[in-house]
Amino acid sequence: LNDSLHAALASREKRLVRRKLPAADADLVDFSTNEYLSFSRSSVLRTRFLTRRNTAPEVLGSGGWRLLVNGHAHAALEARLTAFFRAPAALLFNSGLDANVGFFASIPQPGDAIVYDEHIHASVHDGMRASRAAARTPFLHNSVRGLWEALQSARGSRSA
C-alpha cells in the first residue's frame, strides 16, 4: 500500500496536479479560495457589505434552487447584466462549478467537439461527461501548438 501511494503521489507531482496545503501567511492576498473578497480579513469591506446588505434584505439566502424560486434580486441583477453586456439574456449560477457543469452539460450538441486545456477544473470534466458532444480533445497545458493540433484533430473527427 505504501509503495502504491508513493507512486500515485509521484505521478501527480510529475503531471503537476499534486495538491499541497499553502503556507499560512497573513500577508498574502487570497485570489484562490471562496474568501477572495476578504470579508474575514478586512473590517472596512465587512462593514460596507453589512451596511449594504441591511438596506437590501431580499438578497439574504438563496431561497431554494433557482428553477424553483426565481428571486427578485437574481432577476434584477440578470436584467442589469443583460443591459450592460447588450445581450439577449443573462443567467447567474451559484458558483463557477455550477456554471461549468451547466454549460458543458447543455450547450455542446451532438456533432460538436470540445477542445480543452488538460489542466481544466474538475467541474468542466463533470459537465463534459454529461455532454452530448461527439468528441472531447485535450491539449497540453498553455500550449498554443497543442491547441492548434487539438483543433485540427477535432476538425478531422467532425468531417469523418
Side-chain angles (χ1 to χ4, degrees), residues 5 8-9 11-13 15-133 135-144 146-147 150-151 154:
L5 291 176
L9 284 175
S11 172
R12 287 178 180 224
E13 193 78 46
R15 293 178 289 133
L16 303 175
V17 296
R18 182 175 177 194
R19 299 188 131 202
K20 299 175 185 175
L21 292 174
D25 188 341
D27 295 330
L28 292 178
V29 176
D30 182 357
F31 292 111
S32 62
T33 71
N34 293 334
E35 179 49 9
Y36 59 89
L37 295 176
S38 299
F39 289 141
S40 69
R41 293 182 182 202
S42 171
S43 61
V44 173
L45 284 175
R46 188 171 44 255
T47 300
R48 290 180 76 183
F49 173 79
L50 293 173
T51 299
R52 179 67 180 124
R53 186 203 62 195
N54 289 336
T55 64
E58 71 276 0
V59 301
L60 293 177
S62 66
W65 188 32
R66 206 48 214 301
L67 290 174
L68 298 177
V69 180
N70 191 17
H72 170 73
H74 283 105
L77 180 53
E78 288 173 346
R80 288 177 63 193
L81 291 170
T82 297
F84 180 82
F85 290 109
R86 296 184 182 120
L91 177 63
L92 292 173
F93 287 89
N94 292 340
S95 67
L97 184 146
D98 288 335
N100 285 337
V101 171
F103 177 86
F104 285 97
S106 59
I107 299 301
Q109 298 297 303
D112 289 347
I114 300 172
V115 174
Y116 63 93
D117 186 295
E118 68 181 350
H119 288 183
I120 58 168
H121 193 268
S123 60
V124 177
H125 286 285
D126 293 342
M128 287 191 305
R129 273 193 292 281
S131 172
R132 295 182 290 165
R136 292 182 278 285
T137 307
F139 62 90
L140 294 174
H141 179 59
N142 285 344
S143 168
V144 174
L147 171 60
L151 288 169

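These numbers were taken from a predicted model, which means no experiment stands behind them.
Of all non-hydrogen atoms in F104 and V124, the two that sit nearest each other are CE1-CG1, 3.6 Å. P138 approaches A150 most closely through the heavy-atom pair O-CB, 3.9 Å. Of all heavy-atom pairs spanning L140 and D117, the tightest one is O-OD2, 4.3 Å. Nearest heavy atom pair, residue T82 against residue A89, reads OG1-C, 3.4 Å. Between D112 and I107, the shortest heavy-atom distance links the atoms OD2-O, 4.2 Å. Minimum interatomic distance between S131 and A133 (heavy atoms only, all atoms of both residues): OG-N, 2.9 Å.
Residues forming a side chain to side chain donor-acceptor pair (under 3.5 Å) with R80 (at least two apart in sequence, or on another chain): none. Take H141 and apply the ring-ring contact (aromatic ring centres under 6.0 Å, His included) test, not counting sequence neighbours, and it matches H119. Checked against side-chain contact (heavy atoms from CB on, under 4.5 Å), S43 has the following partners two or more places apart in sequence or in another chain: R46. Residues forming a side chain to side chain donor-acceptor pair (under 3.5 Å) with R48 (at least two apart in sequence, or on another chain): none. Qualifying side chain to side chain donor-acceptor pair (under 3.5 Å) partners for S123, counting only residues two or more places apart in sequence or in other chains: N100, H121. The ring-ring contact (aromatic ring centres under 6.0 Å, His included) check on F103 picks up nothing, with sequence neighbours excluded. With sequence neighbours excluded, the residues satisfying side chain to side chain donor-acceptor pair (under 3.5 Å) with R15 are S11. Qualifying side-chain contact (heavy atoms from CB on, under 4.5 Å) partners for S106, counting only residues two or more places apart in sequence or in other chains: none. In terms of the side-chain contact (heavy atoms from CB on, under 4.5 Å) criterion, F84 has no residue partners (sequence neighbours excluded).
Looking at N142, T137, V115 one by one, the single match for side chain to side chain contact (heavy atoms under 4.5 Å, CB included) with L147 turns out to be V115.
Put simply, the side chain of E13 never gets that close to the backbone of R18: no donor and acceptor are under 3.5 Å apart.
Counting only residues at least two apart or in different chains, salt bridge (Lys or Arg N to Asp or Glu O under 4.0 Å) contacts with residues 118-127 comprise D126-R129.
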